[in-house]
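What follows is a set of notes on a single structure, which appears directly below.
Order of the sequence lines sets the chain letters (A, B, ...), proteins ahead of strands, with each chain counted from 1.
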Amino acid sequence: MDQSPPDQTSARMPEKPTIEGLEAKWAQVWEEQGVYRFDRTKTREQIYSIDTPPPTVSGALHVGHVFSYTHTDTIARYQRMQGKEVFYPMGWDDNGLPTERRVQNFFGVRCDPSLPYDSSFTPPDEPGKQQLPISRRNFVELCEQLTVEDEKVFEALWRQLGLSVDWTMTYQTIDDNSRAISQRAFLRNLARGEAYQAEAPTLWDVTFRTAVAQAELEDRERDGAYHAVTFHRPDGGVVTIDTTRPELIPACVALVAHPDDERYQPLFGTTVRSPLFGVDVPVVAHPLADPEKGTGAAMVCTFGDLTDVTWWRELDLPTRPIIGWDGRILAEAPGGLESEPARTAYARLAGSTAFTAKQTIVEMLRESGDLVGDVRPVKHPVKFFEKGDKPLEIVTTRQWYLRNGGRDQLLRERLLARGAELRWHPSNMEIRYQNWVSGLNGDWLISRQRFFGVPFPLWYELDANGEPRYDQPLLPEDDQLPIDPQSDTPAGFTEDQRGVAGGFAGDPDVMDTWATSSLSPEIAGKWTIDDDLFQRVFPMDLRPQAHEIIRTWLFSTVVRADAEFGTLPWTDAAISGWILDPDRKKMAKSKGNVVTPAAMLEEHGSDALRYWAASGRPGTDTAFDIGQMKIGRRLAIKILNASKFVFGVGVGPALAFDASAVTEPIDRALLARLADVVEDATRSFDDYNYTRALESAETFFWSFTDDYLELVKERAYGGRGDDAARSARVTLATAMSVIHRLFAPVLPFVTEEVWSWWQEGSIHRTVWPSADDVRAIAGDGDSAVLDAAGRVLSQLRKVKSENKVSMRTELAAARVSGPDAALAERAADDLRASGRIVGDLTFAAGDSDEPGVSVTLAPPDALPAPPALPAPPA
RNA sequence: GGGCGUAUAGCUCAGCGGUAGAGCUCUGGUCUUACAAACCAGCGGUCGGGGGUUCAAGUCCCUCUGCGCCCACCA
């Protein structure tokens with residue numbers, strides 16, 4: 001029998017293994033032993049750093065989170081097993097509008113920046129019907145209070161899912177460090193001229209009353225209508241234009257047509273008079289005017305759309321603004337509408353929303369006879385803020401911008417080159433970056449007229465009239481950061497000078513949430529806060545993220561790192577797909593309740609959910625599939641049972657990788673196959689393809705249990721002597737050791753459990769298996785032997801299955817023919833044992849091209865007594 | 001309108017130049033000294049349509065169609 005010292009494996013193995021409770025058990029051990037704790041004494045080359053996406057904590061948890069975060073975790077675990085010290089922090093995105101809205105609803109308050117801070121303020125127990133106005137600082141305090149609670153829920157979920165995050169290294173996008181780093185980065189952008197202020201037409205959300213950036217836009221199909229409206233020529237003729245926004249007639253500053261459009265060429269340089277308001281406007285030529293659209297002539301307004309802005313800028317037209325920050329028609333008529341009829345007409349519109357104004361003006365046009373024919377309904381794309389529900393207006397405001405190549409060809413080309421330098425997984429995602437950067441039409445607007453966010457860290461002197469002097473902002477000292485210019489005072493001033501002539505005023509705006517998120521590598525790595533740490537982790541290795549925010553998060557992060565460090569922020573970007581849930585409607589309707597990730601984890605188990613997530617290939621949108629979770633659960637249970645069985649035949653850790661003992665061809669064949677699997681899984685993980693790595697391991701494992709284990713079972717028990725048994729046991733021990741580790745990145749709980757039965761220490765801190773090590777003990781192993789023996793075994797089973805007899809039914813004789821015969825013969829004794837062939841087993845190689853196994857079934861009483869089964873080792 | 005992706009068994013998907021694959025479902029069987037929420041076996045596809053390249057095409061090229069996503073100046 002086996003001479004290796006007895007081990008404790010069987011003692012540590014439960015009688016009836018189960019996957020229930022493994023999450024709680026191992027999550028606790030990992031935490032207590034600090035298995036995933038980052039060792040910051042390691043140097044940059046020894047470290048693998050991950051720029052984790054900080055989830056929006058006030059958003060709902062959904063299975064999409066589980067999906068993409070699992071992908072990253074499999075990579076983190078793989079790299080850790082490859083010997084890298086993994087820097088894997090977790091951030092919480094608690095900055096921005098979602099948090100603001102949640103706080104408003106949760107506490108029943110709203111921010112009124114004009115109110116003073118009330119240090120004794122406590123929110124009402126129940127949100128009242130009227131939102132309670134509170135100061136900005138009080139509001140921000142409530143935001144912080146609520147996000148802490150949200151973050152606890154997220155962390156608990158992530159721990160249960162088994163993310164190998166170092167939970168001592170969390171950050172928030174609104175915490176002091178993040179604010180200081182955001183403000184510092186901005187001030188450095190400002191000093192280098194990358195950030196600047198400008199008063200310009202801005203896309204404006206009338207609900208949130210804030211400017212929005214190009215990256216936050218989306219087009220939505222909306223019902224509109226063409227209105228044919230007449231403008232009057234001095235000679236009494238008319239020019240008809242088509243417009244979907246007749247309410248902007250008072251804002252009209254010109255009519256425009258294409259320079260080659262013969263219909264309008266005679267009019268260029270003349271003026272026409274607008275209907276209702278009688279304002280004379282020039283007729284001008286511009287190539288952007290499309291002769292095919294409408295009548296070929298268009299009204300240029302302040303501002304109906306971005307084309308209007310282009311025309312205004314390039315044709316040097318005046319402005320005639322009529323829409324205010326609240327989306328309503330301004331009380332005061334713009335310049336040029338001084339005539340009595342114009343004032344009267346304008347008065348009918350003043351104060352109404354754009355929607356109402358449109359109805360009013362259509363009536364007025366009908367009365368005056370300037371509306372030609374009927375309005376023609378049309379569906380057309382309209383620009384919206386992605387979080388808003390009213391169309392955007394364009395309003396001229398003073399805003400902060402950051403150069404991103406949108407107005408600078410050299411910078412744009414440099415950023416395009418950065419995109420090409422980055423390694424994309426999958427590679428085709430790079431085209432989205434290139435498309436976006438190539439299509440930028442302006443710099444990045446980073447200021448928002450909101451409350452909960454990182455404030456712009458500066459103040460303005462007020463002149464004798466109380467007007468801010470924007471050209472010379474007052475800047476804080478670097479060591480003061482973070483500051484809030486609404487409550488902190490600039491050097492040389494006292495608080496009582498705030499807002500008074502000759503005093504100062506803080507910049508009222510906060511930064512776009514992406515202006516902070518774009519610094520996530522700097523924030524996670526504690527740039528300027530802990531430079532020793534930062535130089536160990538930056539530039540990072542991996543940015544995992546979803547494809548729809550390539551234009552925002554990925555691009556803006558590249559912009560910031562390029563500006564500050566002249567480098568990419570990471571070498572690799574792994575882009576995960578989305579969860580498609582065709583059944584979501586059905587589920588909600590029939591069940592009446594939403595299935596949360598927590599419930600899924602509870603029902604199917606963490607490893608099962610991770611298995612489902614890992615089955616979604618990188619960058620590929622994947623169906624939400626309970627079936628995959630069940631398969632994952634079954635796999636986890638199979639790993640438990642197979643491990644228990646293998647250890648039950650006397651396999652212990654000392655046997656693994658004993659090259660001298662593996663003598664049987666089938667054992668060598670298995671190890672040769674396993675070496676190929678390790679090689680494939682390793683290559684796949686190196687290429688960020690966790691799906692292929694898992695598939696490879698899984699395919700091997702099922703054939704291992706279905707065929708190999710069946711074939712060698714009896715021999716491993718000692719049925720054919722000690723040497724043959726030892727060959728099987730060494731092979732089993734080696735295979736177990738490798739299989740456990742191959743599955744560890746995807747199934748961390750069940751692999752840790754089985755590993756603990758026979759090995760010391762966490763599997764997640766052990767070394768990834770080496771194909772060379774396995775191949776070294778496989779010797780001359782030929783995996784074709786395994787395949788051939790498997791097929792023959794399958795044929796033997798088929799005979800029994802077709803004859804509807806038990807698999808333990810004995811066969812009087814069997815004859816293997818065809819191409820498999822010669823190979824399978826090398827596993828003859830194992831085939832005889834697993835097929836329970838008591839008589840002759842013959843192999844007729846080369847007598848037929850048809851694979852075949854012919855079998856003689858004998859009546860039970862004609863058979864000799866079967867040999868007694870060997871007893872399992874005690 | 002432009003770009004990217006995708007179309008293989010009832011379902012979810014692998015395969016990407018050399019005799020059609022896996023899992024699930026379905027059908028039949030088996031308590032086989034790890035596993036009956038298990039195991040064994042079987043049924044099931046002219047690889048979206050049409051051209052082309054090649055000795056050979058789910059696999060490469062062209063084209064059409066469907067679906068998904070991203071982008072695009074709202075007259």
Sugar-phosphate, base or nothing in reach of A:Gln434, heavy atoms under 4.0 Å: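 The residue A:Gln434 makes no contact with any strand.
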
Sugar-phosphate, base or nothing in reach of A:Ile637, heavy atoms under 4.0 Å: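 No contact.
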
Could you let me know what [N] is paired to, Watson-Crick or G-U wobble, both distances under 3.5 Å, or none if it's on its own?
N	answer
B:U19	none
B:U33	none
B:C74	none

Nearest-Å distance for atom pair NZ/C1', residues A:Lys644 and B:C35: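 Rounded to whole Å, this separation is 9 Å.
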
Atom-to-atom span, CD1 of A:Ile323 to C1' of B:C74 - whole angstrom: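 It works out to 13 Å between those atoms.
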
5′-ward residue of the pair A:Thr620/A:Gly304 relative to RNA chain B: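 Closer to the 5' end of RNA chain B: A:Thr620.
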
Nearest-nucleotide 5' precedence on RNA chain B, A:Gly296 against A:Trp436: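 With A:Gly296 and A:Trp436 compared, the 5'-side residue is A:Trp436.
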
Selected nucleotide, minimal atom distance to A:His547 side chain, candidates B:U33, B:C69, B:A34: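 Minimum distance to the A:His547 side chain belongs to B:C69.
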
Shortest side-chain distance from A:Ser801, nucleotide among B:C74, B:C24, B:C40: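 For the A:Ser801 side chain, the nearest candidate turns out to be B:C40.
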
Mutual orientation of the aromatic rings belonging to A:Trp612 and A:Phe67 [parallel < 30°, tilted 30-60°, perpendicular > 60°]: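 The arrangement is tilted - the two ring planes meet at 30° to 60°.
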
Passing option when A:Ile394 is tested against A:Thr202, A:Thr302, A:Leu306 for side-chain contact (heavy atoms from CB on, under 4.5 Å):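 Running side-chain contact (heavy atoms from CB on, under 4.5 Å) over A:Thr202, A:Thr302, A:Leu306 with A:Ile394 returns exactly one hit, A:Leu306.
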
Presence of donor-acceptor pair under 3.5 Å, side chain of A:Lys383 and base of B:C74: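 A donor-acceptor contact between them is absent.
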
